[in-house]
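Here's the structure we're looking at; comments come further down.
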Protein chains: 2
Amino acid sequence: MHDMMASRPAPTPAPELQAAHVSESASKLASNPSFSPLYRQIKGLITRSLQQGDWKPGELIPSEADLARRFGVSQGTVRKAVDELAAEGLLLRRQGRGTFVSTHHEERVKFRFLRIVRDAAGDGARPVPQPMERQFLECKRSRASQEVARTLGIKVGESVTQIRRLLLLAGEPVVYEDIYLPGPAFRGLTAERLESYRGPLYALFESEFSTRMVRAEEKLRAVNASAQEAQLLRVREAEALLLVERLSFSYGELPAEYRRGLYNTRHHHYRNELN
Amino acid sequence: MHDMMASRPAPTPAPELQAAHVSESASKLASNPSFSPLYRQIKGLITRSLQQGDWKPGELIPSEADLARRFGVSQGTVRKAVDELAAEGLLLRRQGRGTFVSTHHEERVKFRFLRIVRDAAGDGARPVPQPMERQFLECKRSRASQEVARTLGIKVGESVTQIRRLLLLAGEPVVYEDIYLPGPAFRGLTAERLESYRGPLYALFESEFSTRMVRAEEKLRAVNASAQEAQLLRVREAEALLLVERLSFSYGELPAEYRRGLYNTRHHHYRNELN
DNA sequence: TAGTGGTCTAGACCACCGT
DNA sequence: CGGTGGTCTAGACCACTAA
């Protein structure tokens, strides 16, 4: 047990990692009830570095060999940790170049969370039909209602930023949604900034508000359109609309955005894969 | 290159695997444009054994060490292949016991494809609310319509088995769906068998019709209830319903079932996770 | 106690990328 | 060319399960 640690050469670990690494044994931590394998501990350390912003979205992280030296483990162990993070979409591996922090700026993963597809589209169709046009109807500060507060895990009446917008695909209004962002982090967000920004909202949040959305949960229902909703989406009143409530999480399972979207599914559908 | 193969002891591979293994070099197949790494070839061989029914759902497959000997590769290579198949839900690993072929009979994965959740349910709620009751309204042979034929990849007018049923959760009708099964494989399916069977439909298909559903694609829309649909689901006519079209695939990406379901989302919702 | 999957290591070679 | 991730091996030890 102990001689394993002694025989391992001093890895001169990065300062912010040393404590965690030294406090945990590099061996299997036998008889420890809260045991977690080494590669998961490494994964936790990398995740913490991502949370802390040591490595920012789009940036190159240290090579596997480098990380293995820092953590004082073998490259294979680092590899398994990075593999899982890549599978979860937090990191992106590129052979010959290195491992990068995932970002919503990449062309490949734009509109990663928008599952709308045009009906006519074949199997290999892009997830989000083009051309896409956005109309921002509103951007204001308000107080969290009970529903919004509960969902975002904040207190009723706390400050939230609210965005109301319309998405048009090929000229047809398809999505009408309210977006709620918690706390003072998004104070600087204005209607003008939204109008002028090219690219997905999540890319804007990442670049200018230090909030990266990592994963999301959605609840889907069918509802009848109100008069106002019908007018905006150009459907008949009481026509069926797909209600999509999305709660997005940033690093560390932190709820960071709540969306309530109404989808006009006359010529588009929500696509899902089950495994 | 060649001496690698020569120096490797004869693995006495299983007959059905020998051809593929011998025809491929165990080394990296350099300069082969259709190159696939060894572990993917192994994965392909295992998948083929699953398709052929060499190992049936619920059964124990050979140990990693055993497979490694058969294929003449290291255990680590087999491990990586099995890892991917387990991640895709085709295999199930159990420490200390072995690796099993996934089955819809397991308690853990019952109703794996049914994403309906009661609204009140908390985060840790079971995916499918209990008690669940099923009413089979119809089970008949018919000819594939153009839509069904196109979806299932068969010819218009070919024989299909059609099931119409209603699912009730806590006494409330929530799902009304038409199920289309291709070809003569399901000839023996009767209303009586459906009534008497306990457990998920997919478990029945697996046990008695040698068809295991591996993955599925769904298209979701909102539609207004027809008079008949409204009556069955006990909602108002024209009330919004969630239309879920599901195409399920068996081994080898074979389309094996098409479902058209209407979900009453008054007190339940469709839950989805985005990564 | 024997056998299984799970973790970890050390080292080799390859494919890919930018310089 | 050097550095990166990708593949593959061989061997050790651990945790879990069933007999």
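Throughout, protein chains are lettered first and strands after them, A, B, ... in sequence-line order, and every chain is numbered starting at 1.
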Checklist entry - Taking it one step at a time, do A:Tyr39 and A:Glu84 satisfy side-chain contact (heavy atoms from CB on, under 4.5 Å)? => result CA-CA 10 Å; A:Tyr39 77 89; A:Glu84 287 200 358; 3.4 Å; yes

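Distance B:Arg40 CZ to C:dA15 P: 16 Å, rounded to the nearest Å. Atom pair B:Tyr39:OH and D:dC8:C1' shows a separation of 11 Å (rounding to whole Å applied). Put simply, CG on A:Leu38 is 15 Å from C1' on D:dA15, counting in whole angstrom units. Rounding to whole angstrom units, NZ of residue A:Lys43 and C1' of C:dG6 are separated by 15 Å. Distance A:Leu60 CG to C:dG18 P: 12 Å, rounded to the nearest Å. When the P atom of D:dA10 is taken as reference, atom CD of B:Gln75 falls 11 Å away, rounded to whole Å. Distance B:Phe100 CZ to D:dA18 C1': 11 Å, rounded to the nearest Å. In this structure, the CG atom of B:Leu67 is 12 Å from the C1' atom of C:dT4, given to the nearest Å.
Nearest to the side chain of A:Pro37, among D:dG5, C:dG6, C:dC8, sits C:dC8. Nearest nucleotide to the side chain of B:Ser74, out of D:dC8, C:dA10, C:dT7: D:dC8. Side-chain proximity of A:Val73 to the nucleotides D:dT7, C:dT7, C:dT9 is greatest for C:dT9.
Contact annotation: B:Lys80 side-chain N/O to D:dC8 OP1/OP2 distance is not under 4.0 Å.
The residues B:Glu88 and B:Arg215 are annotated as not salt-bridged, no charged nitrogen and carboxylate oxygen being separated by less than 4.0 angstrom. Here A:Glu195 does not pair with A:Arg134 in a salt bridge; the nearest charged N to carboxylate O distance is not below 4.0 Å. Under a 4.0 Å N-O distance rule, the pair A:Glu208/A:Arg193 qualifies as a salt bridge.
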Between N or O atoms, less than 3.5 Å apart, protein on one side and nucleotides 2-4 of chain D on the other: list the pairs.
residue, atom, partner, partner atom, Å
D:dG3, N2, A:Gly96, O, 2.9
D:dT4, O2, A:Gly96, N, 3.3

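Ring geometry for A:Phe205 against A:Tyr202 counts as tilted: the plane angle lies between 30° and 60°, on a 0 to 90° scale.
For A:Gln41 (side chain) and A:Ser36 (main-chain N/O), a donor-acceptor pair under 3.5 Å exists by modelled atom type.
Shown here for B:Leu167 and B:Leu114, the closest heavy-atom pair between the two residues is CD1-CD2, 4.1 Å.
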